[in-house]
There are 2 protein chains.
Amino acid sequence: MPPHRSRRRIPEATVARLPVYLQILVDQAGEGVENISSEGLAELAGVNAAKVRKDLSYLGSYGTRGVGYEVDYLVYQIRRELGLDHDWPVVIVGAGNLGQALAGYGGFNDRGFPVAGLVDIDDDKVDTVVGGIRVRPLDELAQIVAARNVSIGVIATPPPAAQDAADRLVKAGVTSILNFAPVVLSVPVGITVRKVDLAVELQILSYHEQRRAAASQGGQLHAVSTDRGRGATA
Amino acid sequence: MPPHRSRRRIPEATVARLPVYLQILVDQAGEGVENISSEGLAELAGVNAAKVRKDLSYLGSYGTRGVGYEVDYLVYQIRRELGLDHDWPVVIVGAGNLGQALAGYGGFNDRGFPVAGLVDIDDDKVDTVVGGIRVRPLDELAQIVAARNVSIGVIATPPPAAQDAADRLVKAGVTSILNFAPVVLSVPVGITVRKVDLAVELQILSYHEQRRAAASQGGQLHAVSTDRGRGATA
DNA sequence: CGGGCTTTGTGCACACGTTCACAAACCGCC
DNA sequence: GGCGGTTTGTGAACGTGTGCACAAAGCCCG
Ligand SMILES: NC(=O)c1ccc[n+]([C@@H]2O[C@H](COP(=O)([O-])OP(=O)(O)OC[C@H]3O[C@@H](n4cnc5c(N)ncnc54)[C@H](O)[C@@H]3O)[C@@H](O)[C@H]2O)c1
Ligand SMILES: NC(=O)c1ccc[n+]([C@@H]2O[C@H](COP(=O)([O-])OP(=O)(O)OC[C@H]3O[C@@H](n4cnc5c(N)ncnc54)[C@H](O)[C@@H]3O)[C@@H](O)[C@H]2O)c1
């Protein structure tokens with residue numbers, strides 16, 4: 001079978017689920033499972049089987065009717081499609097509470113995202129070592145990005161400094177940013193930004209709690225719908 | 001005007017954006033801004049103005065044509081709709097790297113989510129103090145939940161322990177869970193779960209990087225579309 | 001008090017995402 | 001080689017989310 005050049009554009013919703021499938025498939029491979037059906041994978045991923053099949057169909061026709069999917073091959077294909085066939089070094093800006101937790105987290109390295117650098121504006125933080133990484137001054141950001149060919153930056157600064165951090169990252173040549181500060185970043189076209197905002201997550205939970213409370217008190221009870229693939233109500 | 005009993009169901013996509021508007025509005029109020037137009041708010045939130053208007057219309061008709069929205073009143077209404085008119089104490093399970101960063105993070109308290117407890121299975125961690133919180137043994141989880149009337153739990157344990165943590169949380173009476181472990185949790189119906197998976201976020205960025213690289217090499221360049229409100233490509 | 005300007009609130013069309021349902025494909029076994 | 005059982009891949013229907021475009025509403029000013 002031909003190595004299927006990645007032509008088609010994959011829907012964002014699917015892109016967001018592929019890493020979940022990948023995780024499960026790697027686990028399954030580790031347990032010696034060689035084949036898996038869309039039904040089985042769906043069960044483990046907590047989604048609909050038809051969705052699994054449609055998602056996987058964007059990668060090509062890698063299943064065998066009557067049998068299912070070969071786990072190893074699927075892992076290979078998803079990896080390739082997500083660009084995980086090589087490492088993506090990341091640079092972290094801000095070595096505070098969160099930046100240190102991130103740097104000390106082995107999961108990044110394991111999953112192909114080695115921490116190429118950790119920079120901070122505070123001289124007291126510079127040269128301290130966290131998770132085997134020595135904190136470097138903010139000035140060296142561009143240098144690190146260039147030297148290690150970094151294209152992904154992580155922002156873990158206080159909110160007021162986040163835009164500045166983004167500007168510096170972009171200037172240094174980074175083209176993707178993962179932002180933990182609760183602010184809306186403004187970046188040039190062509191730069192991809194994703195935001196992880198814990199407060200937002202908690203507030204969404206709060207909404208559902210509040211709704212539950214209101215419902216059980218006054219009105220009738222509703223099933224709460226799933227929320228665009230990022231959370232779920234069982 | 002009547003205090004508008006929260007009748008209508010608000011679309012999930014809107015619920016996910018309201019916290020962002022709220023954040024911006026609070027900032028603006030702090031800077032003395034009294035009124036804001038959908039256009040202005042949209043600009044600051046990085047979204048379409050019509051979307052802002054439609055989102056806000058689910059709360060009721062709180063704008064004034066020709067003028068815009070009164071910032072303070074909008075803050076009040078969004079807070080009420082999200083259930084943020086009172087605090088939601090949270091309990092954190094797992095006092096490792098991440099659990100400590102979360103417990104030490106002032107932003108939770110400020111935003112109405114005080115840490116009611118931090119529990120860990122490891123006796124070496126118990127009784128250590130992090131961010132002003134004394135780590136308690138896992139056994140005391142149910143007690144903490146009951147005593148402080150906690151309905152939101154945060155899982156920051158290693159992946160293999162996450163399901164156990166979820167089970168304990170549910171048993172203790174928690175009805176919403178924010179899960180940081182990269183595993184799919186299985187919970188009873190009626191429990192709301194949201195997952196924050198950093199590796200997934202990075203892998204999505206990796207996909208776009210890979211796509212960019214492939215495009216600039218071979219095919220034609222495409223604008224990358226926005227991804228369901230959680231990230232963006234400018 | 002009326003006219004012009006601004007901005008909301010929403011109907012409508014379209015895009016995107018999800019799920020069902022089923023023909024086509026494949027396996028294994030007789 | 002054919003048959004029954006299984007599972008894929010996808011067309012089609014449906015549901016959710018987005019954005020345009022415009023009438024309705026309100027403000028200001030003369
Ligand atoms: N800690 C958490 O659990 C947590 C949770 C949710 C969100 N966040 C967000 O993550 C961000 C970081 O949180 P934290 O708790 O680590 O804060 P922190 O104050 O502990 O750390 C911030 C670090 O950034 C450095 N810094 C400040 N300005 C900088 C700049 N211009 N360039 C580079 N570094 C700079 C500071 O020196 C400090 O070391 C904040 O925006 C916060 O809102 C944190
Ligand atoms: N640290 C990060 O930046 C980071 C980033 C992304 C994801 N995560 C995820 O967050 C989770 C925690 O990461 P970490 O770096 O803090 O790990 P960690 O190993 O530092 O901490 C885990 C803690 O959980 C405790 N624990 C283990 N089993 C438990 C149980 N059954 N009940 C209660 N506590 C238990 C351990 O004693 C330990 O203190 C992991 O699932 C990890 O994949 C962490």
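In what follows, chains are A, B, ... by sequence order, proteins preceding strands, each numbered from 1.
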Side-chain H-bond candidate by donor/acceptor type, [X] with [Y], under 3.5 Å:
{"X": "B/Arg111", "Y": "B/Gln23", "answer": "yes"}
{"X": "A/Glu12", "Y": "B/His208", "answer": "yes"}
{"X": "B/Tyr76", "Y": "B/Arg80", "answer": "no"}
{"X": "A/Glu209", "Y": "B/Thr175", "answer": "yes"}

Nearest to the side chain of [X], which nucleotide is it out of [options]?
{"X": "A/Lys51", "options": "C/dC20, C/dT18, D/dT8", "value": "C/dT18"}
{"X": "B/Ser61", "options": "C/dG9, C/dT18, D/dG19", "value": "C/dG9"}
{"X": "B/Asn48", "options": "C/dT7, D/dT18, D/dG19", "value": "D/dG19"}
{"X": "B/Tyr69", "options": "D/dT10, C/dT8, C/dT19", "value": "C/dT8"}
{"X": "B/Arg53", "options": "C/dG17, D/dC22, D/dG19", "value": "D/dC22"}

Whether A/Arg17 contacts C/dT18 is assessed here as follows: a side-chain N or O lying under 4.0 Å from the phosphate OP1 or OP2. Is that the case?
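Yes, such a contact exists.
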Rounded distance (Å) that lies between atom [atom2] of [N] and atom [atom1] of [X]:
{"X": "A/Glu12", "N": "D/dG17", "atom1": "CD", "atom2": "C1'", "answer": "15 Å"}
{"X": "B/Leu56", "N": "C/dT7", "atom1": "CG", "atom2": "C1'", "answer": "13 Å"}
{"X": "B/Asp55", "N": "C/dT10", "atom1": "CG", "atom2": "C1'", "answer": "13 Å"}
{"X": "A/Tyr58", "N": "C/dC16", "atom1": "OH", "atom2": "C1'", "answer": "9 Å"}
{"X": "A/Glu39", "N": "C/dA21", "atom1": "CD", "atom2": "C1'", "answer": "14 Å"}
{"X": "A/Asn35", "N": "D/dT8", "atom1": "CG", "atom2": "P", "answer": "10 Å"}
{"X": "B/Glu70", "N": "D/dG26", "atom1": "CD", "atom2": "C1'", "answer": "15 Å"}
{"X": "B/Arg9", "N": "D/dG15", "atom1": "CZ", "atom2": "C1'", "answer": "11 Å"}

- Task: Quick one: sort the A/Trp88 and A/His86 rings into parallel, tilted or perpendicular, breaks at 30° and 60°.
- Result: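 The rings of A/Trp88 and A/His86 sit tilted, inter-plane angle from 30° to 60°.
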In 5'-to-3' order, the base (B), backbone-only (S) or no-contact (-) status of each nucleotide in nucleotides 25-30 of chain C, using a 4.0 angstrom heavy-atom cut-off, is BBS---
Any donor-acceptor pair, under 3.5 Å, between the side chain of A/Lys54 and the base of D/dT10, if you only look at N and O atoms?
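By the distance-only test, no, there is no pair.
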Next item on the list: Please tell me if the side chains of B/Tyr69 and B/Ser37 come closer than 4.5 Å, counting only heavy atoms from C-beta onward.
Entry: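 Not in contact.
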Close side-chain approach of A/Leu185 to A/Val183, heavy-atom, < 4.5 Å: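 They are in contact (side-chain heavy atoms under 4.5 Å apart), so the answer is yes.
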Nearest nucleotide by nearest heavy atom, which residue falls closer to the 5' end of DNA chain C, B/Ala50 or A/Pro11?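 Final value for this comparison: B/Ala50.
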